[in-house]
Amino acid sequence: MVLTGRLTLLALLGVVPILVYPGSTPILLWLLLLAGGVAVDLALAASPRKAGIRRDLPGSVRLGEQCASTLGIRNDSSRVLRATIREAWQPSAGAVDPEQKLRVPAGETRRMEITLIPERRGILSVAAVTIRSTGPLGLAARQITVPAPGSLRVLPPFHSKRHLPSKLRRLRELDGRAAVQIRGGGTEFDSLRDYVRGDDVRSIDWRATARKRDTVVRTWRPERDRRVVIVLDTSRTSAARINDEPRLDTGIEAALLLAVLAQRGGDKVDFLAFDRRQRARVDSAAKGNLINALVTAMAPLEAELIEADWSRIPSQIRAVSAHRSLVVLLTSLDSGSVEEGLLPVLPSLTAQHVVVVASVRDPRLEEMRSERSTVSDAFRAAAAERALLDREAVTAHLRLLGAEVVDESPSELPPKLADAYIRLKAAGRL
Amino acid sequence: MGNGGTVLDTARQRFRRSVPLLLLLLVIAAVGALTLVTGPTADTRPLSPGNASPTGSRALIQVLQGQGIEAVRPSSYEEARATLTQGNATLFLYDPDRWLNDDQLAGLAGASARTVLAAPTADQLEVLAPGVSVIGPLVSAPDVVEAQCDDDDARSAGTITSGGDGYSGPVECFPAATAGQDAVGSSYVTTADKDIAVIGSLEVLDNGGISSAGNAALALRALGREPVLVWYQPTSADVATTGTPVDARNLLPEWVNPLMVWLLICSVLAILWRGRRLGPLAVEPLPVVVGAAETAEGRARLYQDSKSVPHAAANLRAATLGRMAARLRLPRSSTHAHILDAAAVRTGRPRSDLERIVASIPNGNRELVQFSQELLDVEKELDQQ
């Protein structure tokens, strides 16, 4: 049973008879009136138990876009249902109008749309729908909460998409399809074509030139059908926020851009999210759209508050690809965790694969470093310098072990990782 | 037909949800009942026979009872009078709050064989012992005062602790100067027939002071003369009332009370209206919020708290030299001397100048700030070239 504001107003109106006829009689009479009104309302309100709920949700929505959760309320009772309905979405689902009034005639169905603007990537859930059915007088209502679980998959936004056209252009140049071509490191002979200014003179095929009496160059096609294995670290270090974005989300952006680029470049892309066990996996052999498969697999990823078990990474990678591959490790370069985890297993990886270690650098450290006006600032600058020095030492160590290192700020990491891929491909190192 | 389930399901669910609340109410009720059952709290009135604290008089009463004296503790004025009229009783009266009026005091005046007044006020003395008057508070130094009179009780006590109120009367014992040093008052004063005694110092009677000097002797002898001791401490219940009191509520218009009741009902309805939520709260699994630079901040505070200026300076120096080497296109492994040589050539600054800045070892916070800023300046200068 729920009392309404109208009942309180009616009760306040009772002040008039009490002022006119002081005593206990008007109090009792007015209470009786209120009780009667409430009883009538409760008796005549449509039973909320007899409301059928049906929810239509889109399967997934990209972060930053809006979608609607549609509730169909069917009234199975014989009375009109005057209801206030609330769908209890978790706050980060960004429900704009979760409470709505609805009037459903007996035996009919009405729909209500709740606009959702999700504020966070991941699986957002709704547990229940509450129905408050008000009586005809509007003095009292019956209310129940019906368990109606549902979930919405919020996909990563893929902001780094905007870098895609420029990177693809560079990839095409590499491929020999563009007019100006850099001399690819590929070994596979592709075709002969006329020389254009800017071509590398070393690639002129003199024999063909002599035959045709026009300068002709050889083109090589960069290797295709190489494998790219992207490993995303979801351990505790990925929970740290840089520019108010977890490292994990920046890693996802970088992984998406690289995956799309590598796929257009004709390579096979495998994705693996790992801390102590496999959290997500996308197989290059699978059918369907790679990017869809990737965002769907990445959506529920959360930073786990455990240390990554790097000793199991080589076997995981071997399970994905037995051949020489480009292995991209999206992790962090914090000293301590890297020395304990990644460094010991890196030699075994670099022996077989080309390894790129990509990490987000915190621009805050640079700010702390250059602010030196007070004593606290000076100590902070010293601590920031220490952190940067440690980072540099770790980077140098990784390079020494044969890995490429991409260490950039959050906005720069995806394009710089893509550049590293293009550079390796151009150099024929894949 | 609908998704709502049955009434029984809902009832069961709500009961399960409210179990913790019911348990809490049960605990509160149990605690309340226990405090009611365990009875009234300890007696804390000064000079009360039941009070065992330093301000009570339990010790004195127990010793008197051990000597065969019947100690009666009347709870009302009527009871005190009734006990006194049976004869052969000593009245002990201690009424610092002046609950009794003059008529009531006059009723007590002739009733007892002996009366002992503890720190009486001037009004009480006027009725009960007309020959005795109040002088004022006495000095409390030295610790004890001597009897200096021929009263048997006082002489056998010899000395008592000083302080308390001073009185003057027919027989004055234990005289001392008042706090203002302008008069002399006595701690123990009796009338000429020795039937009424006034004790000015409460320390003579309470648990805290009774064992000092001759306090016990004086108290026991003063109160133990008769076989019955009526220990009377008036309470607010003894205040004599005149006429029926006026109830303030009767002065208000008659509609005020019903209106108040009705507004109370309205407010309860409003609470019920606003207090009911539209369904349970939705739960948000909160993400971990850790800034990546937190560790560096924490380390900075550690440096500062432990005042490790040399350590901080070494960090700053190493970082600056590293960046200078990169800027001057020297290998990372170059020695400091090499880097400084190259920097001196590039910037045109004397090498000794750079050497002084880079190699200086700051001592204290202020020098550290200066040192760090100078390093930054050197780097900037190098960048501008």
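A, B, ... follow the sequence lines: proteins, then strands. Residue 1 opens every chain.
Around atom CD1 of Ile361(B), no more than 12 heavy atoms belonging to other residues, nucleotides or ligands sit under 6.0 Å away. When the shell of 6.0 Å around CZ of Arg120(A) is examined, it contains more than 12 heavy atoms from other residues, nucleotides or ligands.
For Leu12(A), the parts sitting under 4.5 Å from any heavy atom of chain B are the backbone and the side chain alike. Proximity to chain B (any heavy atom under 4.5 Å) is shown, for Leu9(A), by neither the backbone nor the side chain. Contact annotation for Arg380(A): both backbone and side-chain heavy atoms come within less than 4.5 Å of a heavy atom of chain B. With a 4.5 angstrom heavy-atom cutoff, Ala381(A) touches chain B via backbone and side-chain atoms both. Heavy atoms of Leu34(A) lying under 4.5 Å from chain B belong exclusively to its side chain. Both the backbone and the side chain of Val369(B) come within contact range of chain A, with heavy atoms under 4.5 Å apart. Contacts between Arg323(B) and chain A at a heavy-atom distance below 4.5 Å involve the side chain alone, from C-beta outward. At a 4.5 Å heavy-atom cutoff, Glu302(A) makes no contact with chain B through either its backbone or its side chain.
Taking chain A as the reference chain and counting heavy-atom pairs below 4.5 Å, the highest number among Gln370(B), His311(B), Glu297(B), Arg317(B) is found for Glu297(B). For chain A, the option among Leu316(B), Leu269(B), Thr295(B), Val261(B) with the highest count of heavy-atom pairs below 4.5 Å is Leu316(B). In terms of heavy-atom pairs under 4.5 Å with chain B, the best-connected choice from Gly5(A), Ala148(A), Ala384(A) is Gly5(A). Contact count against chain B (heavy-atom pairs under 4.5 Å) is highest for Ser373(A) among Pro48(A), Ala387(A), Ser373(A). Counting heavy-atom pairs closer than 4.5 Å to chain A, the top residue among Gln373(B), Arg299(B), Gln13(B), Glu284(B) is Glu284(B). Ranked by heavy-atom pairs shorter than 4.5 Å toward chain A, the options Trp262(B), Phe371(B), Trp255(B) are led by Trp262(B). Options Leu368(B), Leu272(B), Leu375(B) differ in how many heavy-atom pairs under 4.5 Å they form with chain A, and the most are formed by Leu368(B).
Under the 3.5 Å distance criterion, with hydrogens and angles disregarded, a donor-acceptor pair is assigned to the side chains of Thr130(A) and Thr145(A).
Side-chain N or O atoms of Ser133(A) include one that pairs as donor or acceptor with a backbone N or O of Ala46(A) at under 3.5 Å.
Residues meeting the salt bridge (Lys or Arg N to Asp or Glu O under 4.0 Å) test with Asp383(B), sequence neighbours left out: Arg327(B).
We find the CD1-OG1 distance between Ile144(A) and Thr10(B) to be 6.0 Å, quoted to the nearest 0.5 Å.
The stretch residues 16-30 of chain A places Ile18(A), Leu19(A), Pro22(A), Gly23(A), Ile27(A), Trp30(A) near chain B, each with some heavy atom under 4.5 Å from a heavy atom of that chain.
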